[in-house]
*Asks:* 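Sharing a structure below in C-alpha cells format, with a few things to ask.
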There are 2 protein chains.
Amino acid sequence: MEQKIIDLLKRSNLSITDSRKKILESFFQEDSALAHADIENHVGQDFDRVTIYRTLQTFVDKGIIHTIPTPDNAVLYALCKDSCSAGHHHDNHVHFICDNCNKTFCLEHVVVPAVHMPVGFAASQIDMVVSGICNYCNATT
Amino acid sequence: MEQKIIDLLKRSNLSITDSRKKILESFFQEDSALAHADIENHVGQDFDRVTIYRTLQTFVDKGIIHTIPTPDNAVLYALCKDSCSAGHHHDNHVHFICDNCNKTFCLEHVVVPAVHMPVGFAASQIDMVVSGICNYCNATT
DNA sequence: TACACTATTGCAACTATGTTGCAAAATGTT
DNA sequence: AACATTTTGCAACATAGTTGCAATAGTGTA
Ligand SMILES: [Zn+2]
Ligand SMILES: [Zn+2]
Ligand SMILES: [Zn+2]
Ligand SMILES: [Zn+2]
C-alpha cells in the first residue's frame with residue numbers, strides 16, 4: 001500500500017508528503033467516493049482543513065482523482081483509472097448513488113450512453129448520475 | 001403575466017404574496033435556469049435572503065420548479081412543466097450547460113436515455129447533464 | 001550528511017452559502 | 001373588520017470553501 005501510493009505520487013510528479021500519503025490512503029481503503037468531510041474524519045486532526053482542500057485540488061489537477069456531481073450538490077471525489085493524466089480526464093463512466101447506504105460508486109464499466117442533441121447544441125461532456133439501491137444493499141435485505 | 005402567476009400559485013394551494021409573485025416573475029422572464037444569486041439580483045433589495053431560500057424550497061415542494069445538479073455543484077432552479085405536482089416531479093429531461101454563455105437549459109424534449117445497470121444495482125432516478133455550446137452561442141459566432 | 005532552493009503546510013482571517021427560532025407583518029376566511 | 005394561519009424579516013448561527021503569508025518540510029546537489 002505504502003509503496004503503491006509513493007509510486008503514484010512520483011508518477012504524477014508530486015513530492016511525497018505525509019498529508020498526500022494519508023489522503024490517498026483514504027481512497028485506497030474505501031471502495032466508494034469520498035466527501036471532503038469523510039477525508040477529514042479519516043485523517044483525523046493530523047492535517048489542517050485547508051491542506052485537505054489544496055491536496056484534493058492538486059490530485060484533481062494531476063488526474064489522480066475526479067469529482068462527482070450529485071443531485072444534492074455535495075462534492076465527492078473518487079480515484080481515477082490509469083487512463084487519466086494531468087490536465088486530461090477520461091472519466092466517461094456512470095456514477096451510482098445508493099439511497100439506502102448513501103454511498104456513491106463509480107460504475108467503471110458502464111459507459112455514459114449517447115444522447116441525441118437538438119439542432120444547434122453541441123455536446124462536449126456528459127455526466128450521468130443514477131440513484132437507487134446498490135448491489136451490497138440489495139444483497140443484504 | 002401577473003394573472004398567469006396568480007393562477008399558478010392558486011393552483012398550487014399557495015397564498016399570493018409579493019415575494020412569490022416577484023420570484024416567479026424571474027423564472028418567466030428568463031428562459032434559462034436560475035441560481036439563488038440570479039434571483040437575488042432580480043428581486044433586488046425587496047426581500048430577505050432567507051425569504052428567497054424558503055420560497056424556492058416551497059416551489060420545489062409544490063412541483064412548480066425543479067433543481068438541476070451541475071458538475072461544479074452550483075444549485076440551479078428551473079420551471080417545471082405542467083405534469084409536475086406537489087410531491088411528485090416528472091422531470092426526466094436532459095439538462096444542458098453552455099460553456100460559453102454559462103447558461104443552463106432544460107432540454108424538455110430530450111428524454112434521459114436508458115442505461116444498463118450491473119447485476120445487483122437497481123436504478124430509481126437518472127440525471128443527465130450535458131455541457132457544450134448552446135444553440136444561441138453557436139448561431140452568433 | 002549538510003545546504004540551499006522550492007514546494008507544501010498551518011494559521012488567521014475572510015467570503016459565501018445555507019439554516020433556525022421567534023416576533024412582526026401580511027394573507028385568507030368568516 | 002376581526003380572527004386564525006402563513007409568511008416574512010431579523011439576528012444569530014452553522015458549514016463550506018478561499019486567500020495571503022510566514023513557518024516548515026521535501027528534493028536535488030555538493
Ligand atoms: Zn447501498
Ligand atoms: Zn467515477
Ligand atoms: Zn451559450
Ligand atoms: Zn429541467
Side-chain angles (χ1 to χ4, degrees), chain A residues 2-3 5-26 33-62 64-65 67-77 86 102 104, chain B residues 2-3 5-26 33-62 64-65 67-77 86 102 104:
Chain A
E2 171 89 11
Q3 194 54 46
I5 286 171
I6 290 175
D7 288 347
L8 176 52
L9 287 172
K10 281 188 178 160
R11 232 182 305 135
S12 307
N13 284 310
L14 292 173
S15 45
I16 320 295
T17 69
D18 289 348
S19 74
R20 286 175 180 164
K21 282 193 287 186
K22 197 75 186 274
I23 292 173
L24 268 185
E25 201 183 283
S26 313
L34 299 175
H36 178 93
D38 298 327
I39 295 161
E40 230 172 317
N41 288 337
H42 183 266
V43 304
Q45 307 297 82
D46 296 352
F47 305 103
D48 194 81
R49 247 161 30 87
V50 179
T51 299
I52 299 176
Y53 280 114
R54 289 195 273 223
T55 302
L56 290 171
Q57 187 54 55
T58 301
F59 287 172
V60 170
D61 292 344
K62 292 290 184 174
I64 296 175
I65 61 178
T67 58
I68 302 172
T70 64
D72 67 336
N73 291 98
V75 185
L76 294 177
Y77 302 89
N102 221 32
T104 298
Chain B
E2 171 89 11
Q3 194 53 49
I5 286 172
I6 290 175
D7 288 348
L8 175 53
L9 288 172
K10 280 187 178 159
R11 233 181 305 133
S12 308
N13 286 310
L14 291 173
S15 46
I16 319 294
T17 69
D18 290 347
S19 75
R20 286 174 181 165
K21 282 193 286 187
K22 195 74 185 276
I23 291 173
L24 268 184
E25 201 183 282
S26 313
L34 299 176
H36 178 93
D38 297 327
I39 294 160
E40 230 172 315
N41 288 338
H42 184 265
V43 305
Q45 308 297 81
D46 296 354
F47 306 103
D48 194 81
R49 246 159 31 87
V50 178
T51 301
I52 299 177
Y53 280 113
R54 287 194 274 224
T55 303
L56 289 171
Q57 188 53 56
T58 301
F59 287 171
V60 170
D61 292 344
K62 292 291 183 174
I64 296 175
I65 60 178
T67 58
I68 303 173
T70 64
D72 67 335
N73 292 98
V75 185
L76 294 177
Y77 302 88
N102 222 31
T104 297

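Lettering follows sequence order; numbering is per chain, from 1.
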*Asks:* So, does A:N41 use its side chain to make a donor-acceptor pair with the main chain of A:D38 at under 3.5 Å?
*Replies:* no
*Asks:* Once rounded to the nearest 0.5 Å, what's the spacing between atom CD of A:Q57 and atom OH of A:Y77?
*Replies:*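 Result: 7.0 Å between the selected atoms.
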*Asks:* For the pair A:D18 and A:D46, evaluate side-chain contact (heavy atoms from CB on, under 4.5 Å) and give the outcome as yes or no after the intermediate values.
*Replies:* CA-CA 9 Å; A:D18 289 348; A:D46 296 352; over 6 Å; no
*Asks:* Note down the inter-axis angle between the two ends of the helix from C:dT1-D:dA30 to C:dT30-D:dA1, five pairs each, to the nearest 10°.
*Replies:*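 What I find for the helix from C:dT1-D:dA30 to C:dT30-D:dA1 is an axis angle of 30°.
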*Asks:* What N/O pairs connect the protein and nucleotides 15-20 of chain D at under 3.5 Å? Give each pair on its own line.
*Replies:*
residue : atom : partner : partner atom : Å
D:dG17  : OP2  : A:Y53   : OH           : 3.2
D:dG17  : N7   : A:R49   : NH1          : 3.0
D:dG17  : N7   : A:R49   : NH2          : 3.3
D:dG17  : O6   : A:R49   : NH2          : 3.1

*Asks:* Under the side-chain contact (heavy atoms from CB on, under 4.5 Å) rule, what do A:V43 and A:I52 come out as? Steps first, then yes or no, please.
*Replies:* CA-CA 9 Å; A:V43 304; A:I52 299 176; 3.8 Å; yes
*Asks:* Using whole Å, what does the distance between atom P of nucleotide C:dG10 and atom CZ of A:F47 come to?
*Replies:*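 Going from A:F47 (CZ) to C:dG10 (P), I get 7 Å.
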*Asks:* Given 3.5 Å as the limit, does a donor-acceptor pair link the side chain of A:R20 with the main chain of A:S15, or not?
*Replies:*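 Yes, A:R20 side chain to A:S15 backbone: donor-acceptor pair under 3.5 Å.
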*Asks:* So which heavy atom on A:S12 is nearest to which on A:I64, and how close?
*Replies:* OG-CD1, 3.4 Å
*Asks:* What is the distance from OH of B:Y77 to P of C:dT17, rounded to the nearest Å?
*Replies:*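 Whole-Å distance recorded here is 12 Å.
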*Asks:* Could you check how far NZ of A:K22 sits from C1' of C:dT9, rounded to whole Å?
*Replies:* 16 Å
*Asks:* A:D61 CG to C:dT8 P: how many Å, rounded?
*Replies:*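 Result: 11 Å.
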*Asks:* What does the list of N/O pairs under 3.5 Å between the protein and nucleotides 28-30 of chain D look like, with a distance for each?
*Replies:*
none

*Asks:* Where do A:P69 and B:T70 come nearest, in terms of heavy atoms and distance?
*Replies:*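 Looks like CB-O, 3.7 Å.
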*Asks:* Is there a side-chain contact between B:F59 and B:I23, using heavy atoms and a 4.5 Å cut-off?
*Replies:*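 Of all side-chain heavy-atom pairs linking B:I23 with B:F59, at least one is under 4.5 Å.
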*Asks:* In whole angstrom, what separates B:K62's NZ from D:dT6's C1'?
*Replies:*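 Spelled out: NZ on B:K62 to C1' on D:dT6 is 12 Å.
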*Asks:* What I'd like to find out is whether the side chain of B:L56 reaches to under 4.5 Å of the side chain of B:I39, using heavy atoms alone.
*Replies:* yes
*Asks:* Taking atom P of C:dT8 as reference, at what distance in whole Å does atom NZ of A:K21 sit?
*Replies:* 15 Å
*Asks:* Restricting to nitrogen or oxygen on both sides, can you table the protein-nucleotides 27-30 of chain C pairs closer than 3.5 Å?
*Replies:*
residue : atom : partner : partner atom : Å
C:dG28  : OP1  : B:I16   : N            : 2.7

*Asks:* Side chain of A:T55: nearest nucleotide among C:dC11, D:dT8, C:dT9?
*Replies:*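 For A:T55, the side-chain atoms sit closest to C:dT9.
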*Asks:* Using side-chain contact (heavy atoms from CB on, under 4.5 Å), reason through B:E25 and B:I5 one step at a time and then give a plain yes or no.
*Replies:* CA-CA 7 Å; B:E25 201 183 282; B:I5 286 172; 4.1 Å; yes
*Asks:* A:D7: which residues meet the side-chain hydrogen bond (donor to acceptor under 3.5 Å, both in side chains) condition with it, sequence neighbours left out?
*Replies:*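 Expected list: A:Q3.
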*Asks:* Would A:E2 and A:K21 pass as an ion pair if we require N to O under 4.0 Å?
*Replies:* yes
*Asks:* What are the two closest non-hydrogen atoms of A:S19 and A:T51, and how far apart are they?
*Replies:* OG-CG2, 3.7 Å
*Asks:* Considering every strand and a 4.0 Å limit on heavy-atom distances, what is the contact class for A:T58: base, sugar-phosphate, or nothing?
*Replies:*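 No contact.
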*Asks:* Given atom CD1 of A:I52 and atom P of C:dT8, what is their separation to the nearest angstrom?
*Replies:*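 In whole Å, C:dT8 P and A:I52 CD1 are 16 Å from each other.
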*Asks:* Without decimals, in angstroms, what is the distance between B:Q45 CD and D:dC10 C1'?
*Replies:*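 Taking CD of B:Q45 and C1' of D:dC10, I get 15 Å after rounding.
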*Asks:* Holding to side-chain hydrogen bond (donor to acceptor under 3.5 Å, both in side chains), I want the full list of residues that pass it with B:K10, two or more places apart in sequence or in another chain.
*Replies:*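 If we apply the side-chain hydrogen bond (donor to acceptor under 3.5 Å, both in side chains) test to B:K10, skipping adjacent residues, there are no hits.
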*Asks:* Describe the nucleic acid contact of A:D46 in one word from base, sugar-phosphate, nothing, applying a heavy-atom distance below 4.0 Å.
*Replies:*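 A:D46: backbone/sugar contact only, no base atoms under 4.0 Å.
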